[in-house]
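FYI, the numbering just counts along the sequence from 1.
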Amino acid sequence: MFAIIGAVIFLVIAIMTLLVALGFPLGAFTMGGHYTVLPPRLRIMAWVSFLIQVFAIVIVLQAGGVLPLMFSVRVTRFVCYIFAGYLTLNTVMNLFSKSKKEQFIMTPLSIIAAICFFVTAIGM
């Protein structure tokens, strides 16, 4: 159950990242809210981030037993913990963002996803 919740929440974040990478004016929700529309160089970073987020969704669904494992249980659990740690760090960064949209929308999404990744990894 936690794996599905974490995947859905992270999917929302990934879709937002995809929209930012495509040039939609959603920059207030990411990277400290410094840009309304990300400049081309940062859009490349957003594309990379999007691909990593999709990989994270697959990992948490595998760790939760929703999808078959591509890697061993040990590797999948480790990667799930890595993403949980990343999301925890991301939560702290969002909390101290100058962008109120990032603080009030992305922070709760990040912490809930982090908890889901941690619980899923522990439960493997």
Mutual orientation of the aromatic rings belonging to Y81 and F118 [parallel < 30°, tilted 30-60°, perpendicular > 60°]: tilted
Main-chain N/O of N94 paired with E102 side-chain donor or acceptor, under 3.5 Å: no
T17 side, atom OG1; Q53 side, atom CD - distance, nearest 0.5 Å: 3.5 Å
Cluster overlap V119 with I4, hydrophobic side-chain contacts below 4.5 Å: yes
Nearest-0.5 Å distance that lies between atom OG in S99 and atom CD1 in I105: 8.5 Å
Test log, rule side-chain contact (heavy atoms from CB on, under 4.5 Å), inputs W47 and L22: CA-CA 9 Å; W47 277 107; L22 289 171; 3.5 Å; yes
Shared hydrophobic cluster, V12 / I5 (ILVMFWY, side-chain heavy atoms < 4.5 Å): yes
Test applied, ring pair (Phe, Tyr, Trp, His ring centres under 6.0 Å); reference residue, F117; option that passes from Y86, F2, F10: F10
Joint hydrophobic cluster, F83 plus L18, side-chain heavy atoms closer than 4.5 Å: yes
Please list, one pair per line, the donor and acceptor atoms closer than 3.5 Å that link side chains of residues 54-76 to other protein atoms, with sequence neighbours excluded.
{"unit_1": "Q62", "atom_1": "NE2", "unit_2": "P68", "atom_2": "O", "d": "3.2"}
{"unit_1": "S72", "atom_1": "OG", "unit_2": "V75", "atom_2": "N", "d": "3.2"}
{"unit_1": "T76", "atom_1": "OG1", "unit_2": "S72", "atom_2": "O", "d": "2.9"}

Minimum side-chain heavy-atom gap F50-I15 below 4.5 Å: no
From OG (S49) to CZ (R43), nearest 0.5 Å: 15.0 Å
M124, CE: over 12 other non-hydrogen atoms inside 6.0 angstrom: yes
Side-chain (T91) to main-chain (L87) donor-acceptor, under 3.5 angstrom: yes
Contact check, side chains of M106 and T30, non-hydrogen atoms, under 4.5 Å: no
Shortest non-hydrogen contact from A3 toward T120: N-OG1, 3.3 Å
Joint hydrophobic cluster, I44 plus L26, side-chain heavy atoms closer than 4.5 Å: no
Nearest heavy-atom neighbours spanning L95 and Q103: O-NE2, 3.1 Å
Reported CD1-to-OG1 distance for the pair I112 and T107, which is rounded to 0.5 angstrom: 11.0 Å
Euclidean distance, T36 OG1 relative to L38 CG, rounded to 0.5 Å: 9.5 Å
Over all atoms of both residues, closest heavy-atom pair of G23 and V37: O-CG1, 3.5 Å
Same apolar cluster: F24 and L42, side chain cutoff 4.5 Å: yes
Nearest heavy-atom neighbours spanning I9 and A113: CG2-CB, 4.0 Å
Side chains of F29 and V20 in contact at under 4.5 Å (non-hydrogen atoms): no
